[in-house]
Amino acid sequence: WMHRREVMKELTEAGPLTEHQEDAASDQLDLVTPIDVFDLVLRCINIVFVVWHLDIYPEPTYFTAEGESSPRRLEFLEQPLKMILDLKWGDPNRGTEDKVSDFMELVVKLNWELATEQNHRLWARILVLLFFVRVVIYMRVHPRIAILYSTLIEMFADFMHFLLLATTLYCVLAFLGTWSFGDRVADFGDFPTSMYTQFRMIVGEFNLPTDTDSGFKFTYGLYAIIYFLMVF
C-alpha cells in the first residue's frame with residue numbers, strides 16, 4: 001500500500017492524470033494480484049496437506065526390529081493387517097458366515113487405508129508441482145533471473161494454440177496407427193498403447209526390427225515419415 005501511494009504521488013507530480021491514465025496506473029499497482037491469490041491459496045492447501053500428512057504419519061520416529069532401525073512409514077497398516085492375521089477361523093462358537101463377513105470388512109478397511117495412502121502421495125506430487133510453479137513465479141523479482149518467467153508469460157497464448165494443434169495431430173496419428181497395423185504390430189494394439197508408443201518415438205525409441213526379415217510395409221513407412229516430420 002505504501003509503495004502504491006508513493007508511485008501514484010510521483011505520477012501526479014508531473015501534472016494531473018487523466019481518467020484513463022489513472023485507471024492504467026491503478027491496474028498496474030493492484031493491491032491484490034492473481035499471483036497473490038495463487039500464493040495465498042497454495043499456502044492454505046499446504047496447511048491442510050500437512051495436517052493430513054500428520055494424521056497418516058503421526059511422527060517420523062524409528063523402531064528397532066532385529067537390531068536394525070527402519071522408518072515407520074507403514075505404521076497405519078499394522079493394525080488392519082494384525083486384525084486380519086489374528087482372525088480366529090477355528091472358533092467353534094461362530095459360524096462361517098460371520099467369520100467371512102468379518103474378514104471382508106477387514107479387507108475393505110485395509111483397501112481403504114491403501115487408497116488413502118495412494119491419494120495422499122498423489123496430492124503430495126501435485127503440491128510439489130505447484131510449489132515448482134511458485135518458484136518460477138518468484139524468479140520475477142529480479143530482471144536477471146526473470147528470463148524463464150518472462151518467456152512463459154510471453155509465449156503462453158501461442159503455446160496453448162500450438163498445444164491444441166499438436167494434441168489433435170498426435171491423437172489422429174495414434175488412431176491411424178491403431179487402425180492401419182494394430183493387428184500386426186503389438187506396439188499399436190490399441191489406442192492408448194499407440195499413444196504411448198508415439199511418446200517413446202518422441203524420445204528416440206522407434207523400436208524398429210533388426211532381424212533378417214526386418215523392414216516395414218509402405219503404410220507403416222508412410223506413417224513413420226509423417227510422424228517424424230510432424231514431431232521433429
Side-chain angles (χ1 to χ4, degrees), residues 1-5 26-89 94 98-157 159-160 163-164 167 192 195-196 199 203:
W1 179 80
M2 293 295 295
H3 174 68
R4 176 188 177 92
R5 191 178 67 174
S26 179
D27 291 339
Q28 296 178 1
L29 296 172
D30 289 335
L31 292 178
V32 179
T33 63
I35 295 178
D36 296 328
V37 176
F38 169 77
D39 185 73
L40 180 61
V41 172
L42 185 59
R43 291 171 184 266
C44 295
I45 294 176
N46 186 43
I47 294 174
V48 174
F49 179 81
V50 169
V51 174
W52 185 22
H53 180 80
L54 293 177
D55 181 63
I56 297 178
Y57 302 108
E59 53 185 10
T61 56
Y62 293 79
F63 71 96
T64 302
E66 298 178 356
E68 298 180 357
S69 298
S70 302
R72 302 171 60 182
R73 293 180 178 177
L74 300 178
E75 184 183 20
F76 65 97
L77 296 178
E78 292 180 1
Q79 182 179 1
L81 286 174
K82 187 176 183 302
M83 294 176 66
I84 292 176
L85 296 176
D86 293 342
L87 190 62
K88 298 180 180 180
W89 292 98
R94 303 193 62 194
D98 295 336
K99 297 175 184 177
V100 173
S101 178
D102 292 344
F103 175 76
M104 294 305 300
E105 289 180 0
L106 294 174
V107 170
V108 169
K109 182 179 179 180
L110 178 61
N111 288 333
W112 173 262
E113 295 289 349
L114 292 174
T116 301
E117 165 68 8
Q118 185 177 6
N119 292 331
H120 174 77
R121 292 181 178 272
L122 174 62
W123 281 105
R125 298 186 187 101
I126 295 175
L127 191 61
V128 171
L129 291 176
L130 291 176
F131 274 110
F132 175 78
V133 174
R134 184 186 183 191
V135 170
V136 174
I137 293 175
Y138 276 5
M139 289 182 179
R140 68 193 177 106
V141 299
H142 193 277
R144 293 186 179 275
I145 61 174
I147 298 177
L148 178 59
Y149 175 79
S150 301
T151 302
L152 291 175
I153 295 299
E154 187 68 24
M155 62 170 283
F156 181 76
F159 178 75
M160 296 306 297
L163 188 62
L164 177 62
T167 302
M195 296 188 68
Y196 175 65
F199 176 79
V203 297

Enquirer: Quick check: do V133 and L129 have side-chain heavy atoms less than 4.5 Å from each other?
Expert: no
Enquirer: Determine the minimum heavy-atom distance between I137 and Y149, stating which atoms define it.
Expert: CA-CD1, 3.9 Å
Enquirer: I'd like to check R94 versus D102 (side-chain heavy atoms, cut-off strictly below 4.5 Å). Are they in contact?
Expert: yes
Enquirer: Would you compute the distance between atom CD1 of I45 and atom CG of L40 and round it to the nearest 0.5 angstrom?
Expert: 10.0 Å
Enquirer: Hey, are the side chains of V100 and M104 touching, using non-hydrogen atoms and a 4.5 Å cut-off?
Expert: yes
Enquirer: Heavy atoms, side chains only, cut-off 4.5 Å: are F38 and L130 in contact?
Expert: yes
Enquirer: Give me the atom names and distance for the closest heavy-atom approach of Y138 to D39.
Expert: OH-OD1, 2.8 Å
Enquirer: Roughly how far, to the nearest 0.5 Å, is the CZ atom of R144 from the CE atom of M139?
Expert: 16.0 Å
Enquirer: Indicate yes or no: does K109 engage E105 in a salt bridge with an N to O separation below 4.0 Å.
Expert: no
Enquirer: Is there side-chain contact between N119 and W52, with heavy atoms separated by less than 4.5 Å?
Expert: yes
Enquirer: Residues two or more places apart in sequence or in another chain: which of them pass ring-ring contact (aromatic ring centres under 6.0 Å, His included) with F49?
Expert: H120
Enquirer: In the structure I gave you, are the side-chain heavy atoms of V41 and V37 within less than 4.5 Å of one another anywhere?
Expert: yes
Enquirer: For residues 82-89, dump all side-chain donor-acceptor pairs below 3.5 Å to protein atoms at least two apart in sequence or in another chain.
Expert:
{"unit_1": "K82", "atom_1": "NZ", "unit_2": "D86", "atom_2": "OD2", "d": "2.8"}

Enquirer: Nearest 0.5 Å, what's the CZ-CG distance between R125 and L122?
Expert: 6.5 Å
Enquirer: Quick check for you: to the nearest 0.5 Å, what is the distance between E113 atom CD and T116 atom OG1?
Expert: 5.5 Å
Enquirer: Within the supplied structure, the quantity of interest is the number of heavy atoms (other residues, nucleotides, ligands) at a distance under 6.0 Å from F131 CZ; does it exceed 12?
Expert: yes
